[in-house]
Visitor: 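Sharing a structure below in structure tokens format, with a few things to ask.
We name chains A, B, ... by the order of the sequence lines, and we start the count at 1 in each one.
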Protein chains: 2
Amino acid sequence: MDRSPQPKPTDAELELLRVLWDRGPSTVREIHEALATAVAKSTGYTTTLKILQKMADKGLVTRDESRRSHIYAAAIEAEKTQRQLVRHLLQGAFGGSPTRLVMQALSEKPTSAEELREIRALLDELETKGKSKPKGQKS
Amino acid sequence: MDRSPQPKPTDAELELLRVLWDRGPSTVREIHEALATAVAKSTGYTTTLKILQKMADKGLVTRDESRRSHIYAAAIEAEKTQRQLVRHLLQGAFGGSPTRLVMQALSEKPTSAEELREIRALLDELETKGKSKPKGQKS
DNA sequence: TCCCATCTACGACATTTGTCGTTGACATTG
DNA sequence: CAATGTCAACGACAAATGTCGTAGATGGGA
């Protein structure tokens, strides 16, 4: 089972992954267009293609070649990737203390009341869970 | 005046910055040692030196050359840098929604009750502050 | 059928990163 | 003073990244 030290996606790769997470499996053309319109990304078509190919090599995406226009799909979940990136940032810049990170994140943007409520709920959950053995999610 | 689009520090640079934030202004030797002991980093001395020099070029650190052993100091605050990195991650991987990031961060590590309390306090603060105009902590 | 559009593959290229080795200057100390 | 050690500077180098251009295959339409 994949102990997969998933290679940390680069910024460009992350952009493509975001598109795939949003749209689901897509052709290169579609991805390229999405990027162009959504993010005003003005790179050539072959650039997108090349990055996608590299990502396929790394196992970040899968490719369905049954048709002439290959169809790419994200091979890693958004959540998993986000977790990995958060962990990296945590270790790299915050000395492992989630609290500081959370503070920075929350101060970063005016958070809606609703979102604040959501977070509070999570805190509650974590607190009760803290008593009983924290179960399940392993790493 | 520099509205400084501070160049995003790389991972290696971040490590050095961490040392400087901890120790304050230091010589290359000191930084190198600190890295070796603290992080079991086993690179050559000149590697550390080179990175420091590059960082000086970029304005990430300052250098006092009045002595033979130059003394480097962080030129950017820990908080500011962390905020920048959080913002980057937010945009790049979370579509700008802090909530998800916070969730991931909290799920990442068993957080102590005390820390949870701290975060709750911050939430309270944000909530009340949300009513009144949240005022500019600028940089 | 023949031409044109589209798609993938391949290689080129500039840039950045992180890694050293070497060199020449400077200091310390015997 | 001379030997030894320390330091900054410089260049080299491999690897990764993001950027294209071009070539070759394939498919659709006039």
Visitor: For atom CD of B:Glu114, is the number of surrounding heavy atoms from other residues, nucleotides or ligands below 6.0 Å larger than 12?
Guide: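 Not more than 12 within 6.0 Å, no.
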Visitor: Can you figure out which of D:dA9, D:dT17, C:dT17 approaches the side chain of B:Gln53 most closely?
Guide: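 Ranking D:dA9, D:dT17, C:dT17 by closest atom to the B:Gln53 side chain puts D:dA9 first.
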Visitor: CG of B:Leu14 versus C1' of C:dT17: gap in Å, rounded?
Guide: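 The answer, rounded to whole Å, is 15 Å.
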Visitor: Quickly work out the A:Leu52 CG to D:dT17 P distance and round it to whole Å.
Guide: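 Interatomic distance, CG of A:Leu52 to P of D:dT17: 15 Å.
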Visitor: For the residue pair B:Pro7 and B:Lys58, establish whether any side-chain heavy-atom pair is separated by less than 4.5 Å.
Guide: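 A side-chain contact under 4.5 Å exists here.
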Visitor: Calculate the interatomic distance between A:Ile51 atom CD1 and D:dC20 atom C1'; express it in whole Å.
Guide: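 Answer to the nearest Å: 12 Å.
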Visitor: Whole Å only: how far is the CG atom of A:Leu16 from the C1' atom of D:dG18?
Guide: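 One finds 11 Å between C1' of D:dG18 and CG of A:Leu16, rounded.
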Visitor: CD of A:Glu65 versus P of D:dA25: gap in Å, rounded?
Guide: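 About 17 Å, once rounded to whole Å.
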Visitor: For DNA chain C, which residues of residues 22-38 of chain B approach it to below 4.0 angstrom with any heavy atom?
Guide: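 Heavy-atom contacts with DNA chain C come from no residue of residues 22-38 of chain B; none.
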Visitor: What pairs of nitrogen or oxygen atoms, one from the protein and one from nucleotides 25-30 of chain C, lie under 3.5 Å apart?
Guide:
from, atom 1, to, atom 2, distance (Å)
C:dC26, O2, B:Arg68, NH2, 3.4

Visitor: Base, sugar-phosphate or nothing for A:Ser69? Non-hydrogen atoms, less than 4.0 Å.
Guide: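 Contact class for A:Ser69: sugar-phosphate only.
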Visitor: Can you tell me if CD on A:Glu33 sees more than 12 non-hydrogen neighbours from other groups inside 6.0 Å?
Guide: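 Yes, enclosed.
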Visitor: Any chance you could measure B:Leu123, atom CG, to B:Leu116, atom CG, to the nearest 0.5 Å?
Guide: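 Between atom CG of B:Leu123 and atom CG of B:Leu116 there are 10.5 Å.
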Visitor: Where the side chain of A:Lys54 is concerned, which of C:dA9, D:dT17, C:dG18 is the nearest nucleotide?
Guide: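 Ranking C:dA9, D:dT17, C:dG18 by closest atom to the A:Lys54 side chain puts D:dT17 first.
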Visitor: For A:Glu77, which residues count as a side chain to side chain donor-acceptor pair (under 3.5 Å) partner, sequence neighbours excluded?
Guide: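 A:Glu77 satisfies side chain to side chain donor-acceptor pair (under 3.5 Å) with no residue once adjacent residues are dropped.
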Visitor: Under 4.0 Å, heavy atom to any atom of DNA chain D: which of residues 39-46 of chain B qualify?
Guide: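 Output list: B:Tyr45, B:Thr46.
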Visitor: Provide, to the nearest angstrom, the distance between the NE2 atom belonging to A:His70 and the P atom belonging to C:dT6.
Guide: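 Rounded to whole Å, this separation is 17 Å.
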Visitor: Identify which nucleotide among D:dC20, D:dG18, D:dA8 has an atom closest to any side-chain atom of A:Thr10, counting heavy atoms from C-beta outward.
Guide: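 For the A:Thr10 side chain, the nearest candidate turns out to be D:dG18.
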Visitor: Indicate yes or no: at least one non-hydrogen side-chain atom of B:Leu16 is less than 4.5 angstrom from one of B:Leu60.
Guide: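 Counting from C-beta outward, B:Leu16 and B:Leu60 never come under 4.5 Å.
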Visitor: Specify the separation, in whole Å, of atom CG of A:Asp57 and atom P of C:dT8.
Guide: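 That distance rounds to 15 Å.
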Visitor: Using side-chain contact (heavy atoms from CB on, under 4.5 Å) as the criterion, list what pairs up with B:Gln91, not counting sequence neighbours.
Guide: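 Result, side-chain contact (heavy atoms from CB on, under 4.5 Å) vs B:Gln91: none returned.
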Visitor: Answer with base, sugar-phosphate or nothing: what part of the nucleic acid does A:Arg63 contact at a heavy-atom distance below 4.0 Å?
Guide: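 Contact class for A:Arg63: sugar-phosphate only.
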Visitor: Ion pair present between B:Arg120 and A:Asp124, side-chain N to carboxylate O less than 4.0 angstrom?
Guide: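 Between A:Asp124 and B:Arg120 there is a salt bridge, with a charged N closer than 4.0 Å to a carboxylate O.
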Visitor: Which of these nucleotides, D:dA9, C:dT8, C:dG18, is closest to any side-chain atom of B:Glu13?
Guide: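 Among D:dA9, C:dT8, C:dG18, the one nearest the side chain of B:Glu13 is C:dG18.
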Visitor: So does A:Lys50 reach the base of D:dG21 with its side chain, donor to acceptor, closer than 3.5 Å?
Guide: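 Side chain to base: no pair present.
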Visitor: For B:Lys8 and D:dT17, what is the distance between atoms NZ and P respectively, to the nearest whole Å?
Guide: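 That distance rounds to 12 Å.
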Visitor: Taking atom OG1 of A:Thr48 and atom CD of A:Glu30, what is their separation to the nearest 0.5 Å?
Guide: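 It comes to 13.0 Å.
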Visitor: Atom CZ of residue position B:Arg100 - does it have more than 12 heavy atoms of other residues, nucleotides or ligands inside 6.0 Å?
Guide: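 Counting other residues, nucleotides and ligands, CZ of B:Arg100 stays at 12 neighbours or fewer.
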Visitor: Taking ring-ring contact (aromatic ring centres under 6.0 Å, His included) as the test, write out the residues that go with A:His32, two or more places apart.
Guide: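 Partners of A:His32 by the ring-ring contact (aromatic ring centres under 6.0 Å, His included) criterion, ordered by chain and then number, come out as A:Tyr45.
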Visitor: So do B:Val102 and A:Glu118 actually touch side chain to side chain, heavy atoms under 4.5 Å?
Guide: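 No. Closest side-chain heavy atoms not under 4.5 Å.
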Visitor: Less than 4.0 angstrom between a side-chain N/O of A:Thr47 and OP1 or OP2 of D:dG18, yes or no?
Guide: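 For D:dG18, neither OP1 nor OP2 has a side-chain N or O of A:Thr47 closer than 4.0 Å.
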